[in-house]
Amino acid sequence: MSNAPNDLASDFPDKTDRIHQLKTSNNHFARLYDEYNELNRTIHRVETRVEPTTEDVEEDLKRRRVRLKDELLAMIENEENA
């Protein structure tokens, strides 16, 4: 269980500038980034028992977060290599 929500920039500190650039220039990236952050906040509330749920729901939320994170990272890396 984590004590704080995951943050994409914290997870990839070497990509902070690229993340900011994509958030401001790519609407699809910005939408996914916002969705990722909202999912993080939800997971944090579940993990801290502010908003309890079942283990199945919690695991589903975490799987969705991993998929989003993978998609965002792929977009960051694709743009860097372009």
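Below, each value reflects all heavy atoms present in this structure, side chains not excepted, and no hydrogens, waters or symmetry copies. Numbers here simply count residues along the sequence, with the first being 1.
Proximity of N40 to N37: side-chain heavy atoms (C-beta onward) are separated by under 4.5 Å at one or more points. Two residues are said to be in side-chain contact when any heavy atoms from C-beta on lie closer than 4.5 Å; F12 and K69 meet this criterion. At least one side-chain heavy atom of Q21 sits under 4.5 Å from a side-chain heavy atom of R18.
Y33 and L72 make their closest contact through N-CD2, 3.8 Å (heavy atoms, listed as atom of the first residue, atom of the second, distance). The minimum heavy-atom distance between I76 and K15, with the atom names listed, is CG2-CD, 3.6 Å.
Distance CZ/R67 to OH/Y36: 13.5 Å, rounded to 0.5 Å. R63 CZ to L39 CG: the interatomic distance, rounded to the nearest 0.5 Å, is 12.0 Å. Considering CG of L68 and CG of D34, their distance stands at 11.0 Å, rounded to 0.5 Å. With values rounded to the nearest 0.5 angstrom, D7 atom CG is found 7.5 Å from I19 atom CD1.
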- Going through the checks in order, is the side chain to side chain contact (heavy atoms under 4.5 Å, CB included) test met by R65 and K62? CA-CA 5 Å; R65 179 175 62 188; K62 289 178 179 181; 4.1 Å; yes
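By the 4.0 Å N-to-carboxylate-O rule, R49 lies close enough to E58 to be salt-bridged with it.
For CG of D70, the number of neighbouring non-hydrogen atoms (other residues, nucleotides, ligands) closer than 6.0 Å is greater than 12.
In this structure a side-chain-to-backbone donor-acceptor pair under 3.5 Å is missing from N26 to L22.
Remark: the R41 side chain and the H44 side chain contain no N/O donor-acceptor pair separated by less than 3.5 Å.
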